[in-house]
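Each residue takes its place number in the sequence, starting with 1.
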Amino acid sequence: MKRKLSIILPAYNEVKNIEKVVGSVIEFVPGICENYEVIIVDDGSRDGTGRLVDKLAQKYDQVVAIHHLFNRGYGATLRTGFEAARGDLIFFTDADGQFDIKELTRLTEMIKEGADIACGYRMKRADRWMRKVNAGIYNLLVRFLFGIKIKDIDCAFKLFKRKVIDNIKLTSDGAFINAEFLILASKKGYVIKQIGVSHFPRREGKQTGNNIAVVLRAFLELFRFWRKIRKRKI
């Protein structure tokens with residue numbers, strides 16, 4: 001792949017995972033793309049993630065460290081990464097080690113075949129049952145309200161062309177960011193393709209995706225966005 005690739009890793013309290021994830025990226029990605037950057041956005045972590053991220057940026061020339069002074073949310077963290085990205089292609093995944101970076105090749109093939117956005121979907125989601133239930137309801141709501149046929153809207157394994165992010169305006173600070181991205185891209189007519197990817201249990205650290213405040217924020221942002229769509233403000 002001759003294009004420059006920007007890899008965005010949002011991180012919040014991932015001191016036990018981030019080094020291994022970055023190491024796997026640095027080891028694998030040069031085999032498919034020599035021109036790449038790894039942008040780690042630390043979202044106001046309190047466990048030492050910020051200091052470790054800075055050390056990784058000193059160790060690897062490809063790593064860029066960005067810090068939020070306080071916890072702003074998943075959406076805000078991704079938006080910061082997108083704004084900093086310089087690649088023709090942009091990929092993001094989580095820093096918790098639940099995805100296999102080697103499966104990025106499956107997404108690059110879809111881009112070569114004409115997709116503007118290549119989305120992974122978790123073939124067998126390795127999360128607790130309550131998170132699966134919340135995610136199932138949320139996915140059904142998004143598909144019903146906005147008419148997009150995406151199997152796993154919040155799967156944090158997406159690759160897309162830079163033109164997509166340059167031509168939509170993302171505003172979400174929370175977990176709604178994935179849905180907002182796909183809804184707006186769909187409205188613009190961008191080609192979205194999907195493929196199954198592996199998903200592994202979290203080995204270290206604590207999940208925040210099932211936090212009641214995070215879940216409620218996502219649903220609130222969802223309905224606010226739906227109201228704007230209905231009023232034709234977007």
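Shown here is Lys193, whose NZ atom has more than 12 heavy atoms of other residues, nucleotides or ligands within 6.0 Å.
For residues 50-61, the side chain to side chain donor-acceptor pair (under 3.5 Å) pairs, not counting sequence neighbours, are Asp54-His67. Applying the salt bridge (charged side-chain N to carboxylate O under 4.0 Å, His left out) definition to pairs two or more places apart or across chains, those involving residues 67-83 are Arg79-Asp173.
Under the 3.5 Å distance criterion, the side-chain polar atoms of Glu37 are matched with a main-chain donor or acceptor of Arg86. Under a 3.5 Å cut-off, the side chain of Ser186 and the backbone N or O of Ile183 do not form any donor-acceptor pair. A donor-acceptor contact shorter than 3.5 Å is absent between the side chain of Asp154 and the backbone of Ala179. In this structure, the side chain of Ser45 does not engage the main chain of Gly50 through any donor-acceptor pair within 3.5 Å. Judged purely by atom type and a 3.5 angstrom limit, Glu103 uses its side chain to pair as donor or acceptor with the backbone of Ser198. For the pair Asp43 (side chain) and Asn71 (backbone), a donor-acceptor distance under 3.5 Å is absent.
The two atoms that bring Gly120 and Leu107 nearest to each other are N-CD2, 4.1 Å, heavy atoms only. Between Arg3 and Leu89 the shortest heavy-atom distance is NH1-CD2, 3.5 Å. Across all non-hydrogen atoms, the minimal contact from Cys155 to Val197 is SG-CG2, 4.3 Å. Between Ile26 and Gln62, the shortest heavy-atom distance links the atoms CD1-OE1, 4.0 Å. A pairwise comparison of heavy atoms in Lys158 and Asn178 identifies NZ-OD1, 2.7 Å as the closest pair. Ile150 and Asn139 get closest at one heavy-atom pair: O-OD1, 4.3 Å.
Once rounded to the nearest 0.5 Å, the distance linking CD1 of Ile7 with CG of Leu104 reads 6.5 Å. With rounding to the nearest 0.5 angstrom, the CG atom of Leu222 is 5.0 Å from the CZ atom of Phe146. Separation of atoms CG (Leu5) and CD (Glu34) is listed at 12.5 Å; rounding is to 0.5 Å. Taken from NZ in Lys188 to CD1 in Ile168, the straight-line distance is 8.5 Å, to the nearest 0.5 Å. Note that CD1 of Ile18 and CG of Leu52 are 7.5 Å apart. Values are rounded to the nearest 0.5 Å. We find the CZ-OG1 distance between Phe225 and Thr171 to be 7.0 Å, quoted to the nearest 0.5 Å.
Side chains of Leu141 and Phe223 form a contact here, defined as non-hydrogen atoms less than 4.5 Å apart. The shortest side-chain heavy-atom distance between Leu56 and Val38 does not fall under the 4.5 Å cut-off. Two residues are said to be in side-chain contact when any heavy atoms from C-beta on lie closer than 4.5 Å; Phe28 and Asp100 fail this criterion.
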* To do: Show the numbers, then the answer: is there a side-chain contact (heavy atoms from CB on, under 4.5 Å) between Phe92 and Thr77?
  => CA-CA 11 Å; Phe92 73 87; Thr77 306; over 6 Å; no
* Please test Val22 against Glu19 for side-chain contact (heavy atoms from CB on, under 4.5 Å), starting from the C-alpha separation and ending with a verdict. => CA-CA 5 Å; Val22 171; Glu19 188 168 14; 6.0 Å; no
* Asked: Could you walk me through whether Leu9 and Thr93 pass the side-chain contact (heavy atoms from CB on, under 4.5 Å) check?
  -> CA-CA 6 Å; Leu9 297 176; Thr93 191; 3.6 Å; yes
* Any chance you could lay out the side-chain contact (heavy atoms from CB on, under 4.5 Å) test for Ile111 and Lys161, step after step, and finish with the verdict? => CA-CA 8 Å; Ile111 296 293; Lys161 296 175 181 176; 4.0 Å; yes
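There is a path of hydrophobic side-chain contacts, each under 4.5 Å, that joins Ile195 to Ile32. Val142 and Leu140 sit in two unconnected hydrophobic clusters of ILVMFWY residues. Membership requires side-chain heavy atoms under 4.5 Å apart, directly or through other members. By the criterion of side-chain heavy atoms lying less than 4.5 angstrom apart, applied directly or through intervening Ile, Leu, Val, Met, Phe, Trp or Tyr residues, Val164 is not grouped with Val191; the two fall into different hydrophobic clusters. Trp226 and Leu220 end up in different hydrophobic clusters when Ile, Leu, Val, Met, Phe, Trp and Tyr side chains are linked at under 4.5 Å. One hydrophobic cluster, built from ILVMFWY side chains closer than 4.5 Å, holds both Ile90 and Tyr190.
Hydrophobic cluster membership of Phe70, counting Ile, Leu, Val, Met, Phe, Trp and Tyr whose side-chain heavy atoms lie under 4.5 Å apart directly or via other members: Leu69. Its side chain within the 4.5 Å cluster rule, Tyr121 clusters with Met123 among the Ile, Leu, Val, Met, Phe, Trp and Tyr residues.
Residues meeting the side chain to side chain contact (heavy atoms under 4.5 Å, CB included) test with Asp94, sequence neighbours left out: Pro10, Tyr74, Asp96, Ala156. Legend: residues meeting ring pair (Phe, Tyr, Trp, His ring centres under 6.0 Å) with Phe99, ordered by chain and number and at least two apart, are Phe157, His199.
Ring orientation note: the planes of Phe160 and Phe181 are tilted relative to one another, at an angle of 30° to 60°.
Taking the charged nitrogens against the carboxylate oxygens, Glu109 and Lys112 do have a contact shorter than 4.0 Å, which makes a salt bridge.
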